[in-house]
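Start at 1 and go down the list; that is how both ligands and their atoms are numbered. Computed from a prediction, not measured in an experiment: that's the story for all the values here.
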Amino acid sequence: MAGDDPKSALFLCALQNAVKHGGVPQAGAVIGMVMGTHPELRSRAKEVSALAKEAIAEVAALSVDERVARLQADAPEQYTALFAKHEHRKGLPDLEGAEHGVVMRFAPNPSGPLHIGHARAAALNDAYVKQYGGRYILRIEDTDPKRVDPDAYEMVKEDIRWLGLEITETVTQSDRLPFYYELCRELIGRGGAYVCTCDNEHFKELKQAKVACPCRDQPVETGLALWEKMLAHGFSEGEATVRVRTDLFNPDPAMRDFPVFRILDAPAHPKKPDAFVYPLMNFSVVADDHLLGVTHVIRGKDHIANTRRQRYIYDHFGWEVPVYRHYGRMGIEGVVLSTSQMRKGIDDGVYTGWDDIRLGTLRALARRGISPEAVKNAMLAIGIGDTDISFSWDNLFAENKKIVDPVANRYFFVPDPVTATIAGAPHHVAHAQLHPGDAARGVRTLAFEGSVLLPAAELRPEVTMVRLKDLFNVNLAWDGATPSFAYAGDSLADARAAKAHIIQWLPAQEAVPCTLLTPEGEMTGACEPAVRSELDKVVQFERVGFVRIDAVSEDGVRAYFTHK
Ligand code: GLU
């Protein structure tokens, strides 16, 4: 027991701490942890504190990989605990009126594939439906033919499948035009809307001046007749608009008699080529939230003005208003998000496609090896607060690392390789673990037959010794800028004493060409042959970072950089 052997408790504590934080802990932290878990040692404080220094020194003498291997062997449960999901994430706040289940929706416009900005609404609504039970509707909002990309219908569905949302039903608004037309008839009939044939500019001037346009007072019968005329194509684009009667004295001019239906003669809608009367989003959103029984709407703050407009429509119909939550803005830097900019870049050949590594689409993240769970977890961690924030890629990467680190196999990738023939070295087969925390996964065998590939960046004139990981030490002698290499024994202690970097390497005779695409550009190099068997998987290139193996061919391997 620890009482008899405080040293081993201290050692394991220091080891776990070092593996967790990537550095050797302070004595105080280790003593505190051990005293907390082993109160019987409190009476032996002096002895414990002396032993703590020894234990920490032993941990410090181990390499990072050795620490992991040791912790795995000596205290597997403490090792696994490091990867346990952190359940202490603050839960999402309760939604009022959700006790008996919810009906929620995710309502993207099919103008391109989904990007990281969409993921917040998608993930939050999904999480609430899971929490309270109910229905989760995917509503494709395609009533603006100018903003429809025919390919996006399928892309959006693929992206949702990838994210793993539990969608219970899907509706497409362009299939629902007859519902909207019927409801418009009803709204006009209730005196809640009128058909306005004023010139748009003239209407704007009147609106600014809080003055009713001549159409506002039209009798209901006239409004209904004009509406039928609209539907019969008796007006052309711009000649007639349906407006909601709101409050001409509303301090915000954007609330005054806003439009809800318009005529568009072009472009033709890709799904409904004969359509020309379209609801504007405030109408179709209200109609569908009502018709589909949506109980709770979670959307961004940029919709607050729409919520105010939409209330006028609810009031005219006498419908119950759903519960709204508007989360704050989320600035996202470092990737291209604008659909039009992305499309232009793809058309111009600047980007290779919607999954180009420089774009913020979900498919680009998938291609980089970001898992959908990481995206959802990162979004749930951000939550529904209304403070504006900037999206942290580091948090997303940290979420992803929790998922990929325990499963990713380790391999050597040598960027910018230099061939080194090592004088005096015996032939040797190196065994390197596929995963430092899981010996059962086995080893990669790398045969040293005289020459290796080494990363050029590690071979600088001031470097006189390197250790080839899992192999041996190498001395470097420099003739000007040209190094020569000589075997320098197997002792890890020697390498440590010489402060030699422990570097990745490859047997020259079996290295496979490998290109690594990063957001900063392309790295060329070579990797182990076994990487060929990891197509579509995330692996760790030791000392470089996690990567997703994107393509394997006769010519070699192409990988996408995920994160450090
Ligand atoms: N289609 C709208 C959008 O993508 C969402 C509408 C809503 O959430 O009410 O901005």
Does the separation of the ring centres of F106 and Y136 fall below 6.0 angstrom?
no
For the residue pair W393 and F391, does the interplanar ring angle fall in the parallel (under 30°), tilted (30 to 60°) or perpendicular (over 60°) class?
perpendicular
Nearest non-hydrogen protein atom, atom 8 (O) of ligand 1
R105 NH1, 2.6 Å
Contact atoms of ligand 1, heavy-atom distance to A107 under 4.0 Å
1 (N), 2 (C), 3 (C), 4 (O), 5 (C)
Determine, using ring centers only, whether H290 and F317 are less than 6.0 Å apart.
no
Could you list the atoms of ligand 1 found under 4.0 angstrom from a heavy atom of E141?
1 (N), 2 (C), 5 (C), 6 (C)
May I ask you to check if ligand 1 and V285 share an N or O to N or O distance below 3.5 Å?
no
Does the ring of Y327 carry K301 above it, NZ/CZ under 6.0 angstrom from centre and within 45° of its axis?
no
State whether Y153 and K271 meet the cation-pi test: NZ (Lys) or CZ (Arg) under 6.0 Å from the six-membered ring centroid, and within 45° of the perpendicular axis.
yes
Closest protein heavy atom (residue, atom, distance) for atom 10 (O) of ligand 1
H303 NE2, 3.0 Å
Nearest to atom 9 (O) of ligand 1, what protein heavy atom do you find, and at what distance?
R299 NH1, 2.5 Å
